[in-house]
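By convention here, the first residue in the shown sequence is residue 1.
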Amino acid sequence: MFEYGIMPPAMFLGMIIFMLYGFPVAFSLSAVGLFFGLLGIATGHFEFAFLQALPLRIFGIVSNDLLLAIPFFTFMGAILERCGLAEDLLEGTGKLFGAIPGGLAYAVILVGAILGAITGTVAASVITMGVISLPIMLKYGYSPRLATGVIAASGTITQVIPPSLVLIVLADQLGRSVGDMYLGAIGPSILQVVIFMLFILGLSIFRPKDVPPLPPEARGELNMALVARVLWGMIPSIVLIFLVLGTIFMGLATPTEAGALGVVGAMVLAALHRRLTWDLVRQGMHSTMTITSMVVFILVGATCFSLVFQGMDGGHWIEYLLSHVPGGAIGFLIFVNIFIFFLAFFLDFFEIAFIVLPLLAPIAQSLGIDLIWFGVLLCINMQTSFMHPPFGFALFYLRSIAPKTVKTKDIYLGAIPWLGMQLILVAIVIFWPESVTYWLDKAADVDLNTIKIEIPGFGSGGGGNQMPNFGLPPMEGAPGQPAPPSQPAMPNFGEPPQINP
């Protein structure tokens with residue numbers, strides 16, 4: 001463990017102590033980095049030249065065009081959170097599926113996926129669906145544990161479904177394209193929704209009393225007016241999803257430009273619902289400023305910490321520890337996912353992405369692991385940070401809006417089955433990498449032995465062995481050209497001249 005000295009593990013331990021104490025993460029990282037940097041300079045373990053690069057690295061963060069997508073997508077989500085889109089989707093979809101057992105749960109899962117694809121924020125999805133759906137589900141006989149679990153889990157799908165903020169951060173930290181990261185997340189997103197819906201289907205078969213259908217007076221008649229209402233909520237959402245993701249996948253816009261288009265689309269959507277007001281825009285701007293500032297400060301602190309940590313051979317220390325994990329690449333992946341799973345009890349996904357990922361990415365690349373697949377896998381794992389009892393943020397959001405009749409114990413116990421389903425998806429992605437890589441553009445396989453270059457008029461064809469004439473002067477002596485006329489032999493000046501009579 002101390003192959004590369006005592007300083008790297010001491011830095012890691014110091015970071016954990018600061019965070020357990022409850023000091024803000026961004027300032028904890030900066031404080032630990034600067035303290036150990038000065039300590040390393042004093043003890044000869046660290047070169048002062050490394051700290052001279054810190055201002056340039058901070059400038060690189062604030063001038064990174066890719067990170068500009070974060071405020072755009074955050075503002076888009078904040079507008080959509082307050083424009084009434086979720087209410088229309090949940091009410092219409094709930095009535096549409098209400099006649100079948102588990103219909104409300106199906107509606108919550110589908111609407112959670114749609115909101116995830118257009119907002120990208122967990123808090124908006126969980127709070128909105130909790131306020132609207134939880135009282136109805138409890139009123140019509142749903143188990144409190146099931147109701148709270150499905151709402152919290154459906155909100156966390158947002159972390160995996162593009163345009164997730166987590167995927168943008170992971171792409172930046174891994175040095176990969178955001179578009180490729182989004183494409184890689186499509187398969188796991190679909191699998192996650194399918195796994196959740198299969199769970200509800202199983203409950204409706206084996207425990208139908210936990211997921212009763214809505215009574216006729218609650219769901220109304222299935223007529224064209226209800227279908228039109230559902231379509232009115234879904235079609236603008238689908239158009240907005242294409243506006244954001246389609247332009248990225250087709251190469252028509254960068255993630256930052258797509259985020260700006262999404263903001264315009266969200267404001268148009270709010271205007272269509274007649275809820276675009278100055279107060280709504282002001283609240284969205286305040287939420288965007290808060291989240292963006294948090295991300296930038298955490299990233300600055302993580303940069304300070306990682307600069308000192310790498311300067312003290314911390315990267316070699318991590319590589320030395322993980323290179324001795326048995327099982328090769330599979331052993332490394334299992335260890336890393338278990339480590340991330342337990343780390344998510346205490347750290348937010350931004351903190352994990354900024355602190356841990358830069359240390360793991362070089363090792364994954366040295367083992368031949370595709371970094372897009374690796375990033376999507378960690379994103380799936382990090383979504384469990386929102387479902388961990390007792391520290392999951394989704395559970396906190398749900399507790400804040402749940403009625404007092406719902407016990408906190410029921411919220412925590414209700415999250416456990418859905419947490420297990422998220423871990424099942426982690427295992428599926430590990431042992432079935434094509435679930436991620438299938439959607440990525442694959443380079444064409446070229447066999448160099450089959451390459452044949454043919455020049456018209458030069459080779460074994462109808463043109464014989466004639467070299468093509470490209471308007472250049474004839475090349476005497478080249479294949480296919482007439483032999484040059486014989487030249488008189490040069491005299492040999494080493495012998496006396498001969499005079500012929």
Side-chain angles (χ1 to χ4, degrees), residues 89-116 122 125-126 128-158 160 188-220 222 230 380 383-384 386-390 392 394-395 397-399 401-428:
L89 280 174
L90 278 170
E91 185 176 353
T93 311
K95 291 182 177 181
L96 191 64
F97 289 95
I100 61 175
L104 281 177
Y106 290 130
V108 168
I109 294 171
L110 289 175
V111 172
I114 294 173
L115 288 178
V122 173
S125 299
V126 173
T128 303
M129 292 191 298
V131 168
I132 300 169
S133 300
L134 185 57
I136 299 175
M137 297 176 82
L138 296 176
K139 179 180 178 181
Y140 292 108
Y142 274 70
S143 164
R145 295 181 183 179
L146 175 63
T148 55
V150 69
I151 291 172
S154 300
T156 60
I157 299 177
T158 301
V160 182
S189 303
I190 297 172
L191 284 173
Q192 187 75 90
V193 173
V194 170
I195 291 171
F196 286 173
M197 297 186 78
L198 287 176
F199 178 72
I200 298 298
L201 177 62
L203 284 179
S204 65
I205 295 173
F206 298 104
R207 300 182 63 179
K209 64 178 181 179
D210 287 344
V211 286
L214 283 177
E217 64 272 12
R219 66 176 183 265
L222 181 60
V230 175
I380 298 168
Q383 75 171 331
T384 63
F386 284 89
M387 294 291 292
H388 278 314
L395 307 183
Y397 300 146
L398 200 55
R399 176 68 278 176
I401 54 92
K404 294 182 179 179
T405 54
V406 177
K407 298 179 180 179
T408 302
K409 181 181 72 173
D410 290 332
I411 295 177
Y412 288 164
L413 293 177
I416 292 175
W418 304 91
L419 185 62
M421 283 182 271
Q422 291 174 339
L423 294 179
I424 288 173
L425 182 60
V426 171
I428 290 174

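Taking the side chain as every heavy atom from C-beta outward, Pro403 and Leu134 approach each other to under 4.5 Å. With a 4.5 Å cut-off on side-chain heavy atoms, Ile428 and Ile195 count as touching.
If you take CZ on Arg399 and NZ on Lys407, they are separated by 11.5 Å, rounding to the nearest 0.5 Å. Remark: Ile380 CD1 to Leu423 CG distance equals 11.0 Å, nearest 0.5 Å. Between the CD1 atom of Ile157 and the CD atom of Gln422 there is a distance of 8.5 Å, given to the nearest 0.5 Å. The CD1 atom of Ile424 sits 12.0 Å away from atom CG of Leu191, with the distance rounded to the nearest 0.5 Å.
Of all heavy-atom pairs between Leu104 and Tyr142, the closest is N-OH, 3.4 Å. Here the closest non-hydrogen pair linking Trp418 and Leu146 is CZ2-CD1, 3.9 Å. In plain terms, the two heavy atoms of Leu138 and Ala147 that are nearest each other are CD2-CB, 4.4 Å. Heavy atoms only, all atoms of each residue included: Leu398 and Ala152 are closest at CD2-CB, 4.2 Å. Nearest heavy atom pair, residue Val126 against residue Ile151, reads O-CG2, 3.9 Å. Considering all non-hydrogen atoms of both residues, Leu425 and Pro188 come closest at CD2-O, 3.7 Å.
Annotation: side chain to side chain contact (heavy atoms under 4.5 Å, CB included) contacts of Ser204 (sequence neighbours excluded): Pro101, Tyr106, Leu201, Val211. Taking the side chain to side chain donor-acceptor pair (under 3.5 Å) definition, one finds that Ser154 meets it with nothing, sequence neighbours left out.
Here side-chain hydrogen bond (donor to acceptor under 3.5 Å, both in side chains) pairs that include residues 188-202, with residues two or more places apart or in two chains, are Gln192-Gln383.
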message: Using side chain to side chain contact (heavy atoms under 4.5 Å, CB included), reason through Phe196 and Val150 one step at a time and then give a plain yes or no.
response: CA-CA 8 Å; Phe196 286 173; Val150 69; over 6 Å; no
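In terms of modelled atom types and a separation under 3.5 Å, the side chain of Thr148 and the main chain of Arg145 share a donor-acceptor contact.
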